[in-house]
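Single-structure report; data block below.
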Amino acid sequence: MRFLGFAVVGSAIVLGACSGGGEKAADSAAVTPAPDTTAPAATTPAPSGAAAAITGVTHEVKMVGDDKGYRYEPADITVKAGDGIKFIMVSGGPHNVAFDPATIPADVKPQLSANMPNQQGELSSPLYSNPNESYTISFANVKPGQYPYHCTPHLAMNMKGTITVQ
Ligand SMILES: [Cu+2]
């Protein structure tokens, strides 16, 4: 039962109307807050693409910190084109989800960035400390590859993993 994505059925229905392809997904923006509210524009380059909605499965990754250490469960995960990952705060926060910009290819960065709302730094999610808070990243239109990620507060404690997009 660990990472079956039942909790996301609601959002999958909302987003399911977007058929992908080359058209602009204007209608799917109904569930996505406008990204231009309080972004620190000085350090974050403007994403050149529009966010691409999840059209496939939303996987779940738990963010855990306890007496066994800090970790993502599962840390390494493989997703298909159009899938998303919902990172759920479980214990031991604050946690976040961050990609080292130096490890993300230049032709991947714009779409990945567009798919990460409310960034607190380049390719970094907000911090979460309360159980059941979550952060969902769509990998729709993100090119296939292996993308390492980490928790900024717990990087030194080896809280990291790898997302493989097929
Ligand atoms: Cu952490």
Side-chain angles (χ1 to χ4, degrees), residues 1-12 15 31-33 35 37-45 47 51-54 56-80 82-106 108-166:
M1 290 295 286
R2 218 163 242 216
F3 33 78
L4 293 177
F6 291 129
V8 299
V9 167
S11 63
L15 298 172
V31 294
T32 305
T37 49
T38 58
T43 56
T44 305
I54 296 167
V57 174
T58 299
H59 307 265
E60 292 186 359
V61 172
K62 296 185 169 93
M63 302 190 286
V64 181
D66 58 21
D67 52 10
K68 287 188 272 185
Y70 294 95
R71 62 203 181 273
Y72 297 98
E73 292 184 345
D76 300 328
I77 185 168
T78 298
V79 305
K80 293 183 171 17
D83 286 357
I85 302 177
K86 180 180 184 181
F87 294 88
I88 304 170
M89 156 64 208
V90 173
S91 58
H95 301 297
N96 72 349
V97 181
F99 299 88
D100 180 348
T103 67
I104 305 299
V108 171
K109 205 176 287 184
Q111 186 67 62
L112 180 59
S113 182
N115 289 2
M116 292 181 67
N118 303 319
Q119 290 178 44
Q120 303 303 297
E122 186 178 10
L123 300 180
S124 292
S125 81
L127 292 164
Y128 297 100
S129 297
N130 300 315
N132 295 318
E133 285 184 315
S134 66
Y135 185 77
T136 300
I137 302 174
S138 167
F139 288 89
N141 292 351
V142 173
K143 292 189 176 186
Q146 288 196 322
Y147 306 116
Y149 69 101
H150 63 269
C151 171
T152 305
H154 302 125
L155 178 58
M157 280 77 95
N158 212 36
M159 183 169 174
K160 58 187 181 182
T162 301
I163 296 164
T164 301
V165 179
Q166 290 184 326

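Hydrogens, waters and symmetry mates play no part in the numbers below; they use all other heavy atoms, side chains included. For ligands, and for the atoms within them, numbers begin at 1 and follow the listed sequence.
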Measure from the Cu ion (ligand 1) to every N/O/S atom of His95 and report the name of the nearest one.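 Looking at His95, the N, O or S atom with the least distance to the Cu ion (ligand 1) is ND1.
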
Atom name of the N, O or S atom in His154 that lies nearest to the Cu ion (ligand 1):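 Relative to the Cu ion (ligand 1), the closest nitrogen, oxygen or sulfur of His154 carries the name ND1.
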
With under 30° as parallel and over 60° as perpendicular, where do the rings of Tyr135 and Tyr128 fit, or are they tilted in between?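 Correct class here is tilted.
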
Would you sort out whether Thr152 and Asn96 count as a side-chain hydrogen bond (donor to acceptor under 3.5 Å, both in side chains), showing the intermediate values? CA-CA 6 Å; Thr152 305; Asn96 72 349; 3.1 Å; yes

Give a yes/no answer: is there an N/O/S atom of Met159 under 2.8 Å from the Cu ion (ligand 1)?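 Checking the Cu ion (ligand 1) against Met159, an N, O or S atom does fall under 2.8 Å.
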
Is any side-chain heavy atom of Pro131 less than 4.5 Å from a side-chain heavy atom of Val90?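 Result no, sub-4.5 Å side-chain heavy-atom pair not found.
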
Chi angles and distances behind the ring pair (Phe, Tyr, Trp, His ring centres under 6.0 Å) call for Tyr149, Tyr72: CA-CA 10 Å; Tyr149 69 101; Tyr72 297 98; 4.6 Å; yes

